[in-house]
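Each remark here refers to the structure printed beneath this line.
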Number of protein chains: 2
Amino acid sequence: MGGIHDFVSVSSSELGRILSISQQSASKRILELLELGLLTRDLGARSQRIKITRTGIDSLMKEYADFKRIFELKDQLAIRGTVTTGLGEGQYYVQQKGYLDQFEKKLWFLPYEGTLNLRIESADLVKLNILESSEGILVDGFESEGRSFGEVRCFSAKIRGVECAVIMPVRSHHSNVLEVISKHHLRSTIGLEDGDLVELIVYL
Amino acid sequence: MGGIHDFVSVSSSELGRILSISQQSASKRILELLELGLLTRDLGARSQRIKITRTGIDSLMKEYADFKRIFELKDQLAIRGTVTTGLGEGQYYVQQKGYLDQFEKKLWFLPYEGTLNLRIESADLVKLNILESSEGILVDGFESEGRSFGEVRCFSAKIRGVECAVIMPVRSHHSNVLEVISKHHLRSTIGLEDGDLVELIVYL
DNA sequence: ATTACTATAGTGCGAGTAA
DNA sequence: TTTACTCGCACTATAGTAA
């Protein structure tokens with residue numbers, strides 16, 4: 001109704017009719033959203049004016065981003081790289097509960113213990129920039145045991161037909177190595193060894 | 001999870017974890033959506049595969065279209081026309097309950113009894129094509145008293161700062177007359193008479 | 001007219017469990 | 001392992017009503 005841009009006059013009974021709920025429920029919903037900090041209100045004697053807060057808009061935009069991903073992202077990118085052994089650091093990060101919970105809800109799978117590192121061919125390095133400038137699926141950072149774990153950007157992907165995901169820290173130096181996680185142990189499932197050249201299909 | 005494109009394997013407990021509800025509730029939700037015809041399922045002995053139906057996708061797209069309208073459409077179109085008296089037919093259509101209910105939920109107001117007809121200047125006729133090729137806010141058709149009332153496309157608009165909406169039948173001959181509805185009686189509220197030239201701001 | 005409290009009716013969730 | 005039933009409990013919605 002324009003509540004994103006400015007205060008809008010809506011009585012609770014009006015809102016109830018629009019939402020097909022009672023005046024009482026509409027009133028309560030408004031109070032709940034005020035409580036959560038998603039709405040602000042300018043409550044007059046005979047009318048109220050309501051506006052969505054920045055937090056509220058952010059919350060709506062998050063949902064909008066999901067819809068967008070579902071309906072509009074048909075673009076896929078083929079990136080070629082060779083299997084390498086990393087420092088084993090990826091594994092430590094990826095298995096943090098703070099990330100795991102989000103992986104399950106946003107990527108729809110829990111990653112196998114380790115990560116697969118792919119050293120990207122120089123010809124395809126430019127495609128990494130495309131990934132970095134795409135929104136992807138954002139996994140929030142968190143604090144744990146006094147350390148802080150940063151925000152991570154993910155992309156659904158496939159390697160030789162097997163579902164997986166590329167994960168890249170949102171704030172970090174550029175690298176020519178991509179980290180891939182999957183529900184399966186990719187090295188054994190599709191028989192990969194260091195030095196193998198594979199093509200990764202990334203869904204933007 | 002890809003259920004728009006094809007069948008996807010998801011157990012009810014998996015779905016429960018992803019949605020932060022129990023296995024039982026997830027199972028129930030799936031059954032409800034099947035009942036409503038929004039999902040199809042391929043139920044095997046040890047696994048089920050789920051896909052969203054055409055109706056389900058349509059339903060999601062409707063919500064997506066709303067989000068799109070909220071966040072992306074800042075385009076507005078100024079169309080100039082002169083106030084004319086129509087056949088009074090618009091009034092009959094606009095006051096049909098089948099339309100009224102939808103106006104309240106989609107345009108957020110109930111129209112005043114009549115409609116205001118604007119004969120569009122020939123210089124602005126091309127802008128009507130823009131409207132016709134824009135999605136707008138779709139109001140479904142319905143049957144009533146043995147007659148059928150067609151689908152109608154609406155656009156939020158303003159005349160001299162007063163909120164209103166343009167309504168145009170989705171399937172009809174081209175016309176150089178636009179019908180405008182508003183919560184207020186526009187002729188008296190902003191003092192309009194036949195022959196007056198007004199500028200209508202239409203929000204795409 | 002408003003908004004919103006209280007008490008109650010109604011709906012949804014999930015533990016326990018069967019198939 | 002699955003899916004999904006029953007049933008008690010908790011949460012949500014609203015009728016009645018006050019301010």
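Below, chain A is the first sequence line, B the second, and so on; all start at residue 1. Because only heavy atoms are used, hydrogens play no part in the values below, and waters and symmetry mates are left out as well, while side chains stay in.
Only one option out of B:Ile159, B:Ile167, B:Thr115 pairs with B:Val180 in a side-chain contact (heavy atoms from CB on, under 4.5 Å); it is B:Ile159. Evaluated for a side-chain contact (heavy atoms from CB on, under 4.5 Å) with A:Tyr99, the options A:Val94, A:Val152, A:Asp140 yield exactly one hit, A:Val152. Of the candidates A:Val166, A:Leu77, A:Leu178, A:Leu178 is the only one forming a side-chain contact (heavy atoms from CB on, under 4.5 Å) with A:Leu128.
Summarising the geometry, the separation between CG on B:Leu15 and P on C:dC13 is reported as 12 Å, rounded to the nearest angstrom. The distance between atom CZ of A:Arg29 and atom P of C:dT3, rounded to the nearest whole Å, is 16 Å. The separation between A:Gln24 atom CD and C:dG10 atom C1' is 15 Å, rounded to whole Å. Summarising the geometry, the separation between CG on B:Leu31 and C1' on C:dG12 is reported as 15 Å, rounded to the nearest angstrom. To the nearest angstrom, C1' of C:dC5 lies 16 Å from CD of A:Glu35. The CG atom of A:Asp42 sits 14 Å away from the C1' atom of C:dT2 (whole-angstrom rounding). Rounded to a whole Å, the CZ atom of A:Arg46 is 11 Å from the P atom of C:dA1.
Between the side chains of A:Gln95 and A:Glu113, no donor-acceptor pair is found at a separation under 3.5 Å.
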A:Phe103/A:Trp108 under side chain to side chain contact (heavy atoms under 4.5 Å, CB included): CA gap, chis, key distance, verdict: CA-CA 7 Å; A:Phe103 288 152; A:Trp108 311 303; over 6 Å; no

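A salt bridge links B:Lys97 and B:Asp101; the closest N-O separation between the charged side-chain nitrogens and carboxylate oxygens is under 4.0 Å.
Contact between A:Leu186 and A:Cys164 at its shortest, heavy atoms only, is CD1-CB, 4.4 Å.
For C:dG14, its base never sits under 3.5 Å from the side chain of B:Gln23 at any donor and acceptor pair.
Checking the phosphate oxygens (OP1, OP2) of C:dA4, a side-chain nitrogen or oxygen of A:Arg41 falls inside 4.0 Å.
When DNA chain D is scanned 5' to 3' for any atom under 4.0 Å from a heavy atom of chain A, the first and last hits are D:dA13 to D:dG16.
Within 4.0 Å (heavy atoms only), A:Ile30 reaches no atom of the nucleic acid at all. B:Ser11 comes within contact range of the sugar-phosphate backbone alone, with a heavy-atom separation under 4.0 Å but no base atom that close.
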